[in-house]
Engineer: 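The structure that follows is given in the form of structure tokens.
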Amino acid sequence: MKLFLKYKYSIIVCAVLLPRIVWFFLLGGNLPQPPRDQGFYLSIAGRIVEGEGISYSREMGFLRSTMTREALFLGTWSQDPEYMFGIIPVETPTASIEPGYPLLLASIFMIIGPSTGAVFFLNSIFALLGAAAVWKLISENWGEKQALLAALIWSLYPYYVYYSAYAMTDMIHISLLPLIILLTMRSSVKTGAGFVSGLATGILFLIRSTAIFILPLQLVWLFVKRKWRAALMLMAGFILCCIPWVARNQLVLGSPVLMPTKGSLNLWMRNNPSLLAIEGISIPGFIEDGIRRSDLLEYPVMDGFDTELDRSRLLMDRAKEFIFANPLLFSYLTVMRFGLFLSPIGGTIANPIAKLAGLLIYLPILIIAAVEAFRRRRDGRVVLLISVFVLYLALHSLAHGGVRYRLPVDTVLIILASLFAGRRAGWGEKVLSTGKVKGK
């Protein structure tokens, strides 16, 4: 182990880069399939490079309209090629998605050109950042041997390698979360770290908006530690990071939009049995027979609603009305999404290799992590880790289940499993000046 620790940085870098290079060559330099939302991010990044800003092209609107006409759920989407998803006018600035990833991707495009290699390069940079954050998080709190093990598992985790080739936000989300946890723990010791932690959370929010719910958890952590100044610094960092986005939306849309407007579409879709059926998600007959206000399942007529904000509000109101009218359906979907989130084989990653990885790798890590979490339940740092996992579980049970949405907090499981392995191997842990072992 001493030899491994001596060359730890080289080992971690190799563990991050080598499997991703192999994966890139196995793909033949192409992006993975299914395409998912890659086309939207690539298109918007390209328009940013061309000086058009964050917006959808008319060509993208026409393509989406054509796909709608050919889809099984004909009539549920607006088929007007002048509007994306029936909400966002083409060729105009939009706040429908988070700006962070398209801006990062556009920056890489400007340096090395618009290519799949640019996607791989960007994701690999963040994978290195994520592995380093895992290393620092554990080495600072528990010990270097556990840290090296966790960083290696994190770097080689099949799901993370898989998504490192996707032109979507997942790899960056996965990588920034351990950094945020690291900085949050530091904030309880160093006030200045609170500001940096707020900036990191703000950056992640601009890449994946659900990160806004991490902010209250960070504040609770600091309040419990009685670190009032650090909590204020954290808020300041987060707000400072978000000001340019809010100001831009006020300027171009006439409203200081913070959350992406496409969230209304997601809320309507993910509680619509007709659309869920297309994804293979069925509703029990006794629940389906009792559905009320089924008129709200029809995509609304948008006549008279010309702006993105007006159309988004209309669809959001419609989605909320349907949920409130059908609490039994919403409860069932919440429980189902809870199961899909924790499942080793279900949800948004369902190919045979992913199922095998889930059964042979994720499931044992989950069980071991649960055991170690219970054993260390009085350790405040472990409570923070568990709270992050539970937060993601709760959010996605209410909104969108599936393995893909759990992946960022698989980091928590990897950390706990590494602490378990270190304890079983008899590896020492960092000791406080009182002589007590940290975490005990």
Side-chain angles (χ1 to χ4, degrees), residues 11-12 14-38 116 119-120 123-124 126-127 130-131 134 148-175 177-178 276 278-282 335-373 389 392-393 396-397 400-421 424:
I11 291 171
I12 293 172
C14 290
V16 170
L17 294 182
L18 290 181
R20 285 161 177 80
I21 291 171
V22 171
W23 176 227
F24 184 72
F25 279 104
L26 286 175
L27 289 170
N30 298 314
L31 295 176
Q33 297 296 320
R36 304 188 190 277
D37 294 334
Q38 295 183 92
T116 55
V119 174
F120 169 79
N123 288 344
S124 295
F126 275 90
V134 170
L148 180 58
L149 176 61
L152 288 176
I153 296 173
W154 192 95
S155 301
L156 299 169
Y157 197 48
Y159 292 118
Y160 293 173
V161 175
Y162 175 75
Y163 270 101
S164 62
Y166 259 98
M168 295 197 303
T169 61
D170 297 85
M171 192 64 238
I172 297 180
H173 187 180
I174 290 166
S175 299
L177 190 61
L276 293 174
I278 297 168
E279 298 182 7
I281 300 173
S282 59
V335 173
M336 181 201 68
R337 288 187 286 247
F338 181 98
L340 288 175
F341 185 91
L342 291 175
S343 170
I345 58 176
T348 47
I349 302 181
N351 65 59
I353 296 178
K355 291 180 179 180
L356 186 64
L359 290 171
L360 298 182
I361 300 175
Y362 160 73
L363 196 57
I365 288 177
L366 174 65
I367 295 170
I368 293 170
V371 171
E372 194 65 10
F389 187 92
Y392 273 64
L393 174 60
H396 290 291
S397 295
H400 195 329
V403 174
R404 174 186 161 201
Y405 300 94
R406 190 200 66 233
L407 294 184
V409 287
D410 277 2
T411 295
V412 171
L413 306 181
I414 291 170
I415 291 172
L416 290 170
S418 299
L419 296 181
F420 173 89
R424 296 294 294 177

Engineer: Which heavy atom of Ala151 sits nearest to which heavy atom of Ser155, and what is that distance?
Structural biologist: O-OG, 2.7 Å
Engineer: Looking at Glu372 and Ala421, would you say the former's side chain and the latter's main chain have a donor-acceptor pair under 3.5 Å?
Structural biologist: no
Engineer: Looking only at non-hydrogen atoms, find the nearest pair between Pro19 and Val161 and report the distance.
Structural biologist: O-CG1, 3.9 Å
Engineer: After noting the C-alpha distance and the side-chain angles of Leu177 and Val409, does the key distance pass the side-chain contact (heavy atoms from CB on, under 4.5 Å) rule?
Structural biologist: CA-CA 8 Å; Leu177 190 61; Val409 287; 3.8 Å; yes
Engineer: Looking at side-chain heavy atoms only, is the closest gap between Met171 and Ser124 below 4.5 Å?
Structural biologist: no
Engineer: Please state whether the rings of Tyr405 and His396 are parallel, tilted or perpendicular, taking 30° and 60° as the class boundaries.
Structural biologist: tilted
Engineer: Measure centre to centre between the rings of Tyr162 and Tyr159, then say whether the value is under 6.0 Å.
Structural biologist: no
Engineer: CG of Leu366 to CD1 of Ile361: how many Å apart, nearest 0.5 Å?
Structural biologist: 13.5 Å
Engineer: Kindly indicate whether the side chain of Ile12, heavy atoms from C-beta on, has any atom under 4.5 Å from the side chain of Leu148.
Structural biologist: yes
Engineer: Rounded to the nearest 0.5 Å, how far apart are CE of Met168 and CG of Asp37?
Structural biologist: 6.0 Å
Engineer: Please report the shortest heavy-atom distance between Gly130 and Pro178, naming the atom on each side.
Structural biologist: O-CG, 4.1 Å
Engineer: side-chain contact (heavy atoms from CB on, under 4.5 Å) between Leu407 and Asp170: does it pass, once the steps are laid out?
Structural biologist: CA-CA 8 Å; Leu407 294 184; Asp170 297 85; 5.8 Å; no
Engineer: With a 4.5 Å heavy-atom cut-off, do Phe389 and Leu416 have their side chains touching?
Structural biologist: no
Engineer: For the CZ atom of Phe24 and the CG atom of Asn123, what is their distance to the nearest 0.5 Å?
Structural biologist: 11.0 Å
Engineer: Could you walk me through whether Thr116 and Asn30 pass the side-chain contact (heavy atoms from CB on, under 4.5 Å) test, one step at a time?
Structural biologist: CA-CA 6 Å; Thr116 55; Asn30 298 314; 5.6 Å; no
Engineer: Just by distance, no angles: are the side chains of Thr411 and Trp154 close enough, under 3.5 Å, to form a donor-acceptor pair?
Structural biologist: yes
Engineer: So, do Val119 and Leu31 sit near enough that their side-chain heavy atoms are less than 4.5 Å apart?
Structural biologist: yes
Engineer: What distance separates Ile153 CD1 from Ser418 OG, expressed to the nearest 0.5 Å?
Structural biologist: 4.0 Å
Engineer: Taking C-beta and beyond as the side chain, do Val134 and Ile414 meet within less than 4.5 Å on heavy atoms?
Structural biologist: no
Engineer: Under the 6.0 Å and 45° cation-pi test, does Arg406 pair with Tyr362?
Structural biologist: yes
Engineer: Does the side chain of Phe120 reach to within under 4.5 Å of the side chain of Ile21, using non-hydrogen atoms?
Structural biologist: yes
Engineer: Answer yes or no: is there a side-chain heavy-atom contact under 4.5 Å between Trp23 and Ser164?
Structural biologist: yes
Engineer: Working note: Arg404 + Tyr163, criterion side-chain contact (heavy atoms from CB on, under 4.5 Å); need CA distance, chi angles, decisive distance, verdict.
Structural biologist: CA-CA 9 Å; Arg404 174 186 161 201; Tyr163 270 101; 3.5 Å; yes
Engineer: To the nearest 0.5 Å, what is the distance between CZ (Arg20) and CG (Leu156)?
Structural biologist: 8.0 Å
Engineer: Kindly give the heavy-atom pair with the smallest separation between Ile281 and Met336, and that separation in Å.
Structural biologist: CG2-SD, 3.2 Å
Engineer: Using 0.5 Å steps for rounding, measure from the CG atom of Leu419 to the CD1 atom of Ile368.
Structural biologist: 12.0 Å
Engineer: Where do Phe338 and Ser397 come nearest, in terms of heavy atoms and distance?
Structural biologist: CA-OG, 3.3 Å
Engineer: Would you check if the distance from the ring center of His173 to the ring center of Tyr392 is below 6.0 Å?
Structural biologist: yes
Engineer: Do the side chains of Leu393 and Leu342 get nearer than 4.5 Å, heavy atoms only?
Structural biologist: yes
Engineer: Checking side-chain polar atoms at under 3.5 Å, does Tyr157 have a donor or acceptor matched by the opposite partner on Asp410?
Structural biologist: yes
